[in-house]
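To keep things clear, I will list the structure first and then write my remarks on it.
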Amino acid sequence: MSAKADIALIGLAVMGQNLILNMNDNGFVVCAYNRTVEKVNQFLQNEAKGTKVIGATSLQDMVNKLKLPRKVMLLVKAGSAVDDFIKQLVPLLSPGDVIIDGGNSEYQDTARRCDELRAKQILYVGSGVSGGEEGARHGPSLMPGGHPEAWPLIQPIFQSICAKADNEPCCEWVGEGGAGHFVKMVHNGIEYGDMQLICEAYQIMKALGLSQTEMAAEFEKWNSEELDSFLIEITRDILNYKDDKGYLLERIRDTAGQKGTGKWTAIAALQYGVPVTLIGEAVFSRCLSALKDERVAASKQLSGPGVTAKVDDLPKFLNHIKHALYCAKIVSYAQGFMLMREAAKDNNWNLNYGGIALMWRGGCIIRSVFLGNIKEAYTRNPQLSNLLLDDFFKKAIEVGQNSWRQVVANAFLWGIPVPALSTALSFYDGYRTEKLPANLLQAQRDYFGAHTYELLGAEGKFVHTNWTGTGGNVSASTYLA
Ligand code: NBP
């Protein structure tokens, strides 16, 4: 049989199957393969019936069916499954062929695989794929990075199958090595943050006695304003959803799961020393939710302020909640972009921040009108050092900050946890503070550990003080605190 497939796709679970059908719709011939080979036939006889999709019975068979240079995309479980397939594929491929990993791989794994495959003359791409099942089928957001020479080879396929926003593809080359998977990881972290903020707004509304219908109406309204986004829209639908026992939401156990990419973002933030506090709180909130039994026990023993949430003007307060959510969201994205900027510096990636906002603008879970505003901010100033300093976002916070403070302060007084809304406000206040109390911190470090400090006006010169008169004059170089 002559080679006729444009690309092979390995991994026939939800993402792989849907991406294959999407590629097929866009005129590409795909060769499907899976570790459990029976699934290939099942797929061809069911979901892919009547399409141009072809199947392979082995990796060798799959490779034989591919046009040159060969392109093989993996959509398998992240981790050792990716390494196993790469190991099996390399002897079957030729120099210049491309392997693409579209799973949720850790960006450092992708960087390592890039190095290993460079030595074997195989081109490697680690691509973020966002949008879940629906996105994979009808247009995901794609974030490819790795070996730049691979991009022209895969660009026609990737930019055909991806989502489009304002007629532009939600897919652009991100950068070398693990850049694509890093950006996808930050995207997932931001998704954690967005979801947590919405949950906090819901919790406050619930405490104020709103019914689910009333909450849904509020989210409906927000979805026609600056918060217009996929997550606000699905929250409205979830609040409205009823089965034969009534509203489903209240019957769902309040313990959140996680698959790790939010945690990876928080870990990367700590490693790069960037205060990505909101995503961190969103991850910890899921951890706290998982302590259900402990919380149930503690709820019977620990007291709160003993007041009921109450406001004089409900519509006005609901508007405050909207502004609080919006301002905190601006901080969250500002923090996410700060992290990408720092990682880019460290890894020599030339990230296009406006392009990243556009990639997230459609197809993915965090798609929103807001991302269009971020894209515009970076178009106005590609060198923008922080989103908070862009005129559009500066104005939005000026307009909303009083509301934000009202919501956080009242939630604290009412004993309602708002970790994401409040950490964002503390970050905002910290970021705009010329003089933080770190002078005292430096003095404490020098007092107990001789860690030295700089004097204002003499930056770069580190001095030590013998604070008690009994310590020595030698400063520390090893003990870290
Ligand atoms: P899964 O993550 O559930 O993976 C299923 C696929 O991995 C099957 O093809 C399975 O083969 C294969 N596989 C497994 Br499991 N262990 C393997 C091993 N040790 N060696 C070789 N193959 C192995 O599928 P998915 O939900 O479609 O996700 C695919 C990738 O896309 C993942 O990295 C995921 O994190 C990422 N992703 C998922 C979503 C989503 O919404 N689901 C969104 C964005 C990204 P088998 O059939 O033989 O068991």
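Both ligands and their constituent atoms are indexed starting at 1 by order of listing.
Take Ser80 and apply the side chain to side chain contact (heavy atoms under 4.5 Å, CB included) test, not counting sequence neighbours, and it matches no residue. Partners of Ser141 by side chain to side chain contact (heavy atoms under 4.5 Å, CB included), not counting sequence neighbours, listed by chain and number: Ser130, Met143, Met359, Trp360, Cys364. Evaluation of the side-chain hydrogen bond (donor to acceptor under 3.5 Å, both in side chains) rule for Asn373 yields no partner, not counting sequence neighbours.
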Checking Ser403 against His320 for the side chain to side chain donor-acceptor pair (under 3.5 Å) test, could you report, in this order, the C-alpha distance in whole Å, the side-chain angles of both residues, the deciding distance, and whether it holds? CA-CA 4 Å; Ser403 295; His320 285 334; 2.8 Å; yes

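Going from atom CZ of Phe28 over to atom NZ of Lys71 covers 9.5 Å, rounded to the nearest 0.5 Å. Rounded to the nearest 0.5 Å, atoms CG (Leu123) and CZ (Arg70) are 13.0 Å apart.
Listed by chain and number, Gly11, Leu12, Ala13, Val14, Met15, Asn34, Arg35, Thr36, Lys39, Leu75, Val76, Lys77, Ala78, Ala81, Phe85, Gly103, Asn104, Val129, Gly132 each place a non-hydrogen atom less than 4.0 angstrom from ligand 1.
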